[in-house]
Number of protein chains: 2
Amino acid sequence: MSKKQIRLADLAEKLGISTATVSRALKDYPDISAETKRRVNELAKELNYRPNTLAAGLRKSETRIIGVIIPEIANHFFAKVIKGIMEVAYREGYNVMLCQSDEDYEKEVVDARALLSSRVDGLIVSIGNHTHDFSHFSEFLHAGIPLVFFDKTTPEIEDCSQVIIDDYAGAFQAVDHLIGQGCRRIAHIGGSFEAFTFQNRLNGYKDALKKNGIAFDPQLVFPSEKLTIQVAREHAEHMARIQPPIDGLFAATDLMAIGAMNGLKSQGLKIPQDVKIIGFSNWEMAEAVDPPLSSVNQPGYEMGKITTEILIREIKAEKEEREIVYEKIVLQTELISRESTRK
Amino acid sequence: MSKKQIRLADLAEKLGISTATVSRALKDYPDISAETKRRVNELAKELNYRPNTLAAGLRKSETRIIGVIIPEIANHFFAKVIKGIMEVAYREGYNVMLCQSDEDYEKEVVDARALLSSRVDGLIVSIGNHTHDFSHFSEFLHAGIPLVFFDKTTPEIEDCSQVIIDDYAGAFQAVDHLIGQGCRRIAHIGGSFEAFTFQNRLNGYKDALKKNGIAFDPQLVFPSEKLTIQVAREHAEHMARIQPPIDGLFAATDLMAIGAMNGLKSQGLKIPQDVKIIGFSNWEMAEAVDPPLSSVNQPGYEMGKITTEILIREIKAEKEEREIVYEKIVLQTELISRESTRK
DNA sequence: CTGAAAGCGCTTACAG
DNA sequence: CTGAAAGCGCTTACAG
């Protein structure tokens, strides 16, 4: 069993024709005779010829690889986004090179450089919470490689498209809903406020309070660096002791909402009778917990698809040297009301 | 702003030296003068030189890319495995090209070919449930590209390593535990029995019954093509009507266990008083549902790490033309007992 | 309808 | 300590 892979040259030699002709025959160029095409394709199939896309890529300066940098893969929202990305990429004939920045700025930089060195045709990024310098991303734009941000983005880079959700409106909706259900003392578990998404959710929370004439109380806000069930549970145990007692909770992720729900229940509080809870993301588990969790739907899968569609459109435009029109897509959230906020 | 990326030749020209010297200086070859190295590195940094790894890969016949094919990315177990894969890959300086087969045989074949064409240095695969022909994988071995299977594997390909868990033992443990807690009529929700993993879990279930002198009753087994909460809930609603009534349930995934828990609760059954439930995987949510779900821990993250470590070891061995010793690693599962199976 | 030749951007054996 | 040259496996403009 040979350890070498078949090359165009091997096919050419066996058929007694040039590599140029073999190359064209495989691509079904119109000016190659039907008979030649038949012979070439037959042999290619017989020998399991797999074209070396690196070589082709080097020659054509296109790799048909899309680079993706996300902070954390084992997160249901990002997993859904990646699923959307991969489906569109597959459909359009692109491969996906995936990097996880781990919310680590240095790693994000290293990943970005590796993808640049891999000469990806385009890049999709959700920026890490602690990233405040973006030159590792602007390098792509200088090199003419399209870049689309989703979810976590920055106003500092202008020459690129972005796909986000309306975090502010979603949070506003959520808190307005709680108030509509009778809550007056509403706590908020947020993520790192360094990140725009969590900053926006906090602002939506504040403005919904204000609109309803409820004073903002900073001691009801719990920022969390790590968004784990455990952290949320600890917050909740603290929350249960606040006086006057809280009667509502808006958590910036469903996972935190569920952790807090457990924590509050373990302190003897009843959901929704004593405290009504709403999360953010509406992932699969929200309806499976007890009581089912109200949430704000965040369409991750659609986000991944749209982001990739825009990116591929820009890759094509760049190749054909057409002007790229940058888009800013704001996906709407949707309030999903379940037991956990019932009156 | 130029749209072309800097090449080795650009650096060489500006410095008035050859590309060979620049190449060696950047790699810190010992026989290049310190002064030349300094000048090269300085200019490379100033111009943001990013070596084209395609070109280097073509020349060296190594891409430092690991290909990964998994059935479904938005699945917590696989997401954890990928996380493990990416961490080791990053540490060892490899990029990861990820493909999702979607439990679709045709797509799996297309993905495998694309990765072969990308000349990945190694491949990691979890085989789809409906795959019964494996020639798209053996092509890698013929080409001298190491391949490691994890979780879903096949005895039909011998020249490769695999990392699996002991599904049989895990299932046996789970059902034995239920019996120990007093259950005698134990239902089983399984996945597609085409897949070895689910077949093995079924066998563990059967043998645990047998060991404890309980007759196997086929009407208590619910195979499921789609492993969703909804499907599990429907099964549960059916289960609730079985006579004599069930008093235990072993579900082949936590998601199914949780769906079934909801279904049974909605039929007025109490968990664990009327029916004790145990799942499989022990993902984050298991301890967050009400009552907390007993489960069999399946170490996905470790699985991803070990798989990748083995693969990289084999890539190195292949490159150095050393003999590769194939390994079969069976990770042990662990029973996690929580409220849902309390006596 | 087909081929010879150049070139994509690197690396490395060979020579000096 | 450095350089000239070949070559990795393709594609494509040019020529016939």
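In the text below, chain A, chain B and the rest are named by the order of the sequence lines, each starting its count at 1.
B:Ser161 contributes no side-chain N or O that, together with a main-chain N or O of B:Val148, makes up a donor-acceptor pair within less than 3.5 Å.
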Under the 3.5 Å Watson-Crick or G-U criterion, the dot-bracket string of DNA chain D, with | for inter-strand pairs:
|||.||||||||.|||
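Of the residues in residues 111-119 of chain A, not one places a heavy atom less than 4.0 Å from an atom of DNA chain D. Non-hydrogen atoms lying under 4.0 Å from DNA chain D are contributed by B:Asp31, B:Ile32, B:Ser33, B:Thr36, all within residues 29-42 of chain B. For DNA chain C, the residues of residues 44-52 of chain B within the heavy-atom distance limit of 4.0 Å (strictly under) are B:Tyr49, B:Asn52, sorted by number. Less than 4.0 Å separates DNA chain C from at least one heavy atom of each of the following residues of residues 9-24 of chain A: A:Ile17, A:Ser18, A:Ala20, A:Thr21, A:Arg24.
The existence of a salt bridge linking A:Lys305 and A:Glu302 is excluded, since no basic side-chain nitrogen approaches an acidic carboxylate oxygen closer than 4.0 Å. A salt bridge is absent between A:Lys316 and A:Asp121: the closest approach of a Lys/Arg side-chain nitrogen to an acidic carboxylate oxygen does not fall below 4.0 angstrom.
On the nucleic acid side, DNA chain D contacts chain A at distances under 4.0 Å to non-hydrogen atoms, with the end points of that region at D:dG9 to D:dA13.
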Name each donor-acceptor pair under 3.5 Å that joins a side chain in residues 85-99 of chain A to protein atoms two or more places apart or in another chain, with its distance.
from, atom 1, to, atom 2, distance (Å)
A:Glu87, OE1, A:Tyr301, OH, 2.6
A:Arg91, NH2, A:Glu309, OE2, 3.4

Give every donor-acceptor pair under 3.5 Å between a side-chain atom in residues 15-25 of chain A and any protein atom, sequence neighbours left out.
from, atom 1, to, atom 2, distance (Å)
A:Ser18, OG, A:Ala20, N, 3.4
A:Ser18, OG, A:Thr21, N, 3.2
A:Ser18, OG, A:Thr21, OG1, 3.1

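B:Arg7 is linked by a salt bridge (Lys or Arg N to Asp or Glu O under 4.0 Å) to B:Asp10, counting only residues two or more places apart in sequence or in another chain. Residues forming a side-chain hydrogen bond (donor to acceptor under 3.5 Å, both in side chains) with B:Asp133 (at least two apart in sequence, or on another chain): B:Ser135. The salt bridge (Lys or Arg N to Asp or Glu O under 4.0 Å) check on B:Arg39 picks up nothing, with sequence neighbours excluded. Annotation: salt bridge (Lys or Arg N to Asp or Glu O under 4.0 Å) contacts of B:Arg313 (sequence neighbours excluded): B:Glu327.
Taking the six-membered ring where tryptophan is involved, the planes of B:Tyr105 and B:His136 are perpendicular, since the angle between them exceeds 60° and thus also 30°. Between A:Phe149 and A:Phe137, the two ring planes are perpendicular [angle over 60°; tilted spans 30° to 60°].
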